[in-house]
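Per chain, numbering begins at 1; letters A, B, ... match sequence-line order.
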Amino acid sequence: MAIRTYREAVREALAQEMEHDPRVVLIGEDLCGGQAGSSPLEKNKEALGGVLGVTKGLWTQFGSSRVIDTPITESAIVGMAAGAAVTGLRPVAELMFMDFFGVCHDMLYNQAAKFRYMFGGRAKTPLVIRGMIGAGYSAAAQHSQSPYNIFATTPGLKVVVPSTPYDIKGLLIQSIRDDDPVVFCEHKALYDIKGEVPEESYTIPFGVANYTREGTDVTIIALAAMVHKANAVADKLAKEGISVEVVDPRTISPLDEEGILESVSSTGRVVIVDESAARFGFAHDVAALIASQAFHFLKAPIVMVTPPHTPVPFSPPLEQAWIPSVDRIEAAVRQVMEA
Amino acid sequence: MAIRTYREAVREALAQEMEHDPRVVLIGEDLCGGQAGSSPLEKNKEALGGVLGVTKGLWTQFGSSRVIDTPITESAIVGMAAGAAVTGLRPVAELMFMDFFGVCHDMLYNQAAKFRYMFGGRAKTPLVIRGMIGAGYSAAAQHSQSPYNIFATTPGLKVVVPSTPYDIKGLLIQSIRDDDPVVFCEHKALYDIKGEVPEESYTIPFGVANYTREGTDVTIIALAAMVHKANAVADKLAKEGISVEVVDPRTISPLDEEGILESVSSTGRVVIVDESAARFGFAHDVAALIASQAFHFLKAPIVMVTPPHTPVPFSPPLEQAWIPSVDRIEAAVRQVMEA
Amino acid sequence: MSQDKQKLLHAYRKMREIRTFEERLHKENTTGEIPGFIHLYSGEEAIAVGVCEHLSDQDYIGSTHRGHGHCIAKGCDIRGMMAEIFGKETGLCRGKGGSMHIADLSKGMLGANAIVGGAPPLVIGASLTAKTLGTGGVGVSFTGDGGSNQGLVFEAMNMAVVLKLPTIFVFENNGYGEGTGHDYAVGSRDIAGRAAGFGMPSVKVDGTDFFAVHEAVGEAIRRAREGGGPSAIEAIAYRWHGHFEGDPMLYRADGEVERLRAEKDPLKIFRAQLGKQIADAEFDAIDAEVEALVDEAVAKARADSYPPVENLLTDVYVSY
Amino acid sequence: MSQDKQKLLHAYRKMREIRTFEERLHKENTTGEIPGFIHLYSGEEAIAVGVCEHLSDQDYIGSTHRGHGHCIAKGCDIRGMMAEIFGKETGLCRGKGGSMHIADLSKGMLGANAIVGGAPPLVIGASLTAKTLGTGGVGVSFTGDGGSNQGLVFEAMNMAVVLKLPTIFVFENNGYGEGTGHDYAVGSRDIAGRAAGFGMPSVKVDGTDFFAVHEAVGEAIRRAREGGGPSAIEAIAYRWHGHFEGDPMLYRADGEVERLRAEKDPLKIFRAQLGKQIADAEFDAIDAEVEALVDEAVAKARADSYPPVENLLTDVYVSY
Ligand SMILES: Cc1ncc(C[n+]2csc(CCOP(=O)(O)OP(=O)(O)O)c2C)c(N)n1
Ligand SMILES: Cc1ncc(C[n+]2csc(CCOP(=O)(O)OP(=O)(O)O)c2C)c(N)n1
Ligand SMILES: [Mg+2]
Ligand SMILES: [Mg+2]
């Protein structure tokens, strides 16, 4: 196995799938950048390779018919990708910051998500929408959100929120091979984390949670950047003899309900950490699942660690207070232990 | 008090507020209809009065500068309304079917909802977005949804989901006078129901639940059309000696958390009925609230009665099976009673 | 029969199928057996057929809420359509879509669409597939005069120019969007005129004249197939019925519909144009065949059963 | 001093304020004290100032992610802006918005906007307010060449024509959207040319020439104030820095920036144009004053405190 960053793992997954299947195309703004000027100077240059550097080198390798730079026109990007998906391509469209979904939500919400059902099962829509989520960079209210809850409430969409280089590669390849529309959320705080990643192609199935820590006293359920904070808390409290299990569902639609309920039934104490929202978020969805399906196992009230019901603030001290912190997670675990 | 339909109550609220305050303007497609042709024949006609007949007569009364017909251009409608709201008007924009929010979500999600916070409290956005929600008319997957959960997850928006003619008038007047952006959801199955409505203007405060039935054994929490089904179940089971309390929060952002928790603490048994979604819906938000704040009062697992995780189907028998039914609500109550 | 004549009769048959289908729905709708909203296409037949006579199953179209005509012109099965509109299991979408979501991907029909302006972004996707896989296919979107103001449409047009996609944007100007005149809602009062601003050629044609539509679209499709990029066509025709069935049409001038039926009937116009070449009896024979076909479709749709309730939970994902 | 000369010096001062502010940010940004993304406006000063010199606090502008120049031109306080960019409580948005959301409604500044294409729909709302309340005000939206392709913009343009709103759509064509050339992303390669399709007049001007911008916009604003409806203006200028601070600018030609700084500097051009009327010393005096002002703003912003953590939970709604 090689050591790769989360960013490199994304690029590797894209490159391998593009090699594997000529129907895979990338669509988005500045995926390359340089191809997008018509002056001779720019013609043969890949200037950006994506704002995140994620797609760097892919245009050089696969050319303009596979790596398609677009104008700033998200509805046409997602709509075109959806239309291409039902007619035979396997497009991977990049939204850059997931926050931008607002300008093209219909193409996911009313179109791609519903084709198969509305058409009586006679359509396949193998579409991936990639984008960044997450706060922490003072990118302010319109570039820091994690709206995976809004995607996952929509029947017909699948939603992936990976936390490690290993997971992101396997889940992205799975997403591209999947015949349903997938919203693929990359957390910006994780792009530079490193981990072991097989060089060959592999998939990770949807709906299978990963237990990043095993434990018997408390279950923490967390996603993306929050998994790492939960792990840190588990490691710290282990020294005090508090045994914390950390469950990373990795995909929230489908959700590994069984995996979550099994952990909860063994610990009876639950903390859910979620960066999406103070209301109607992932924490609430999972809390509701547990309160309806595993109620009799619960020994204490469920504790949710979420941001407050406010937009993401710009100023660093406010933003740090907004993001669920290691301290708040630790306090939540102590709280459920005491209840 | 007069007897009014839910539809008439909306119109009366709009008319009274337009009389009361010259800054109130209506914006939307076919609010009038006839004004919108330039031929002499059409010039002086109000052809539609809104697709729902809700705004009928208002153009005749207030003219084109107050009742503003627009092209089919929802992003410009909501954006214009938001821009007008921060600069001195009090616009009420109609989205016709709330399902259409997908084509203009950004103007709510990233703009109107966030002005005040992003601008450090130095903005007021007195904006109302009205639209129809609800299934039951074979309007199929793109005209039958109830996406109030998606609105209410967004900090900065207020969300109103009224169930009676009395409530809708008082809440709409409150919404128009409120200085924050409000998403106002009218359930299409309720337009023709009648009830007592004061002729004069009045407001109902946000965040105050209505107990439509008082009871001691079980709490049902429900919104809009579901309130009437919950009431029917309460009335039926009362005859068997099962005492059901029905709580209609009326506004879901803000939510009357205290009112809900108080009822739950007295009954200890909870059924939540919600037409929005099988995942990440209103039912989940409230279940999470209860599981974290009133856990020790609970005598039984929380039961959620929601649609399945599918788009809304067209064919009547499928659609009827999709909508939470009186039978399912009754069964849920019996289930929590037995647990 | 000469090939040309065969083609002409085929076009006539398609237009007649649309007309008979729609007029029958207008009648059947009053019985209360048809669920949901119905938007009829009568009066605009020459547009759908003028376009689709150029297309094969490799070519895709994307349609509107007023989609029956496009479906029929693109070759969707009339029985399957009627059953769908009645909400029956035998429907093209197994009763799950209804009038506003009829689709048949095997025929290159990407779906009616209940979101105004929804089709153009999807259609450029079909065009991208054609271009990427080199199928030689084109994508055609239908959009109304009202829908022509939706931002989605403009984005699709710009994208199609930038990527030189084989797309034809057909604008059906039938005078109204719901009750709102196009002369109010289209700021420039010239839908075709917008295309130049996006860098594509456009023409405006009489949408009640099959030959005018057919010729203009033929030119655009040829250009698209040859790699010349997208075009726009504004076709002017008239909607005979209300926006939806049940619309009291207060925005109409007195006698407007009668006049349209008398003077602007695409089928009458077609027959008059071909009066010298094709005998009335030949047209009438087609009319009778189509009448029988639609009779049968209605009878079958009425007799067929609703989908079983278990179907509620299928077709959400490929796995269930 | 003559009134004319006063006005000219005011315009120069505003342009200099922008330039000095931006170049200082470019430097300060390397210290790591400035949080988040910064997009600099150097090279485009004549557009913001050429427009805003026509406006009063009753008139509203809507801006972009590259908003500092528009804010300064519209009269936002430079100390408040700098403090905002540093994330301090004394910032114009009390540290909650940052560079991409600076706003001051009391000055008619509706906000920078981090959603590309976000401003035009909001600005037509300000225009609607002006029209409805009869204030005589206008709304001006700024949009980049890249942003000009967003559907939101086209919708706002059509709506403004239909409702005859007093709106001016200013397109700042600085050659690139991030790393993508406008000649790639704008299908027609002519942003101003799109306006006609929407039914409004437009002109294309040299955006490095204050007088060219000022005159064209003056005409459009006069028309708008008189009830003549909206206009569009494409102003061509150049972005000297990267898309954001940190952009390696691989898409640039060799020597491109040096050439722009030498040949396309709006301030140099302005001074050259007025060389006969206004002495260098007068300009230099302004430069020095502005330098001092920006020095002070930076010193103050650096010294000011961050907002207290309690502020996290305020300003979401009017009630909290
Ligand atoms: C996004 C969206 N907005 C509004 C509607 C409601 N609506 C349905 S059809 C229609 C009018 C469409 O007019 P036009 O495009 O001219 O098509 P026509 O009905 O004339 O064929 C409207 C406003 C919708 N379905 N979707
Ligand atoms: C809806 C949306 N899409 C994409 C982006 C990312 N983005 C920010 S600025 C920018 C380029 C804008 O180019 P242009 O409009 O020419 O303005 P300039 O930066 O040149 O001033 C892009 C793509 C965004 N912020 N919002
Ligand atoms: Mg029309
Ligand atoms: Mg630019």
> For the residue pair C:A156 and A:A76, what are the closest heavy atoms and their distance?
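So the minimum-distance heavy-atom pair works out to N-CB, 4.2 Å.
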> Report yes if some heavy atom in the side chain of C:L165 is under 4.5 Å from a heavy atom in the side chain of A:M80; otherwise report no.
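Touching, per the 4.5 Å side-chain cut-off.
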> In the structure I gave you, are the side-chain heavy atoms of A:K124 and C:V318 within less than 4.5 Å of one another anywhere?
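Of all side-chain heavy-atom pairs linking C:V318 with A:K124, at least one is under 4.5 Å.
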> Supply the atom-to-atom distance C:L163 CG to A:S65 OG, rounded to the nearest 0.5 angstrom.
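C:L163 atom CG to A:S65 atom OG measures 11.0 Å (nearest 0.5 Å).
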> CZ/A:F119 to CD/C:E84 distance, rounded to the nearest 0.5 angstrom?
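Atom-to-atom, A:F119:CZ and C:E84:CD are 10.5 Å apart.
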> Report which part of C:V162 has an atom under 4.5 Å of a heavy atom belonging to chain A: side chain, backbone, both, or neither.
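Only the side chain of C:V162 comes within 4.5 Å of chain A.
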> What part of A:D106 gets closer than 4.5 Å to chain C, counting heavy atoms only: side chain, backbone, both or neither?
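Only the side chain of A:D106 comes within 4.5 Å of chain C.
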> For the pair A:Y117 and C:L312, evaluate side-chain contact (heavy atoms from CB on, under 4.5 Å) and give the outcome as yes or no after the intermediate values.
CA-CA 9 Å; A:Y117 197 79; C:L312 174 62; 3.5 Å; yes
> Please check if the number of heavy atoms outside A:Q61 that lie under 6.0 Å from its CD is greater than 12.
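Atom CD in A:Q61 is packed in, count exceeds 12.
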> Quick one: what part of A:S253 sits under 4.5 Å from any heavy atom of chain C, side chain, backbone, both or neither?
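The side chain, not the backbone.
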> Quick one: are A:T87 and C:L110 in side-chain contact, heavy atoms under 4.5 Å?
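Answer yes - side chains close enough.
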> With a 4.5 Å cut-off on heavy-atom pairs, point out which of C:N113, C:D104, C:V153 contacts chain A the most.
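It is C:N113.
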> Chain C heavy atoms under 4.5 Å from A:K158: which part of the residue, side chain, backbone, both or neither?
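Both backbone and side chain.
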> Looking at every heavy atom in both C:P121 and A:S75, which two are closest together, and how far apart are they?
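Closest pair (atom of C:P121, atom of A:S75, distance): CB-O, 3.9 Å.
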> If you tally heavy-atom pairs under 4.5 Å against chain A, which of C:R94, C:E155, C:M157, C:K96 wins?
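Looking at each of C:R94, C:E155, C:M157, C:K96 in turn, C:E155 comes out on top.
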> Report yes or no: does C:Y317 contribute a side-chain atom to a donor-acceptor pair with the main-chain N or O of A:P254 at less than 3.5 Å?
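No: the side chain of C:Y317 does not pair with the backbone of A:P254.
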> Do C:T132 and A:L89 come within less than 4.5 Å of each other through their side chains, counting heavy atoms only?
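Yes, close enough: below the 4.5 Å cut-off.
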> Is it the backbone or the side chain of A:V78 that comes under 4.5 Å from a heavy atom of chain C, or both, or neither?
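The answer is neither part of A:V78.
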> What are the two closest non-hydrogen atoms of C:S319 and A:D180, and how far apart are they?
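Looking at all heavy atoms of both residues, the closest pair is N-OD2, 4.5 Å.
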> Given the options C:A130, C:A126, C:A103, which has more heavy-atom pairs under 4.5 Å with chain A than any of the others?
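So the answer, after comparing C:A130, C:A126, C:A103, is C:A126.
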> Is any side-chain heavy atom of A:P71 closer than 4.5 Å to a side-chain heavy atom of C:M159?
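Yes, their side chains come closer than 4.5 Å.
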> Given heavy-atom pairs under 4.5 angstrom as the criterion, report whether the side chain, backbone, both or neither of A:I77 touches chain C.
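When you check distances to chain C, atoms from both the backbone and side chain of A:I77 fall under 4.5 Å.
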> Please give me the minimum heavy-atom distance between C:L128 and A:A84, naming the atom from each residue.
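Looking at all heavy atoms of both residues, the shortest contact is CD2-CB, 4.4 Å.
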> As an exercise, state the distance from NZ of A:K114 to CD1 of C:I115, rounded to the nearest 0.5 Å.
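Rounded to the nearest 0.5 Å, the NZ-CD1 separation comes to 8.5 Å.
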> Going from CE on A:M118 to CD1 on C:I102, what distance comes out if it is rounded to the nearest 0.5 angstrom?
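Nearest 0.5 Å value for the CE-CD1 distance: 12.0 Å.
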> I need the minimum non-hydrogen distance between C:L122 and A:A82, along with the two atoms involved.
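What the structure gives for the nearest pair is CD2-CB, 4.0 Å.
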> Ignoring hydrogens and geometry, is there a side-chain-to-backbone donor-acceptor pair from A:R122 to C:L92 under 3.5 Å?
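At least one qualifying donor-acceptor pair exists.
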> With a sphere of 6.0 Å drawn around NZ of A:K56, does it hold more than 12 non-hydrogen atoms of other residues, nucleotides or ligands?
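Yes, because the 6.0 Å sphere around NZ of A:K56 holds more than 12 heavy atoms from other groups.
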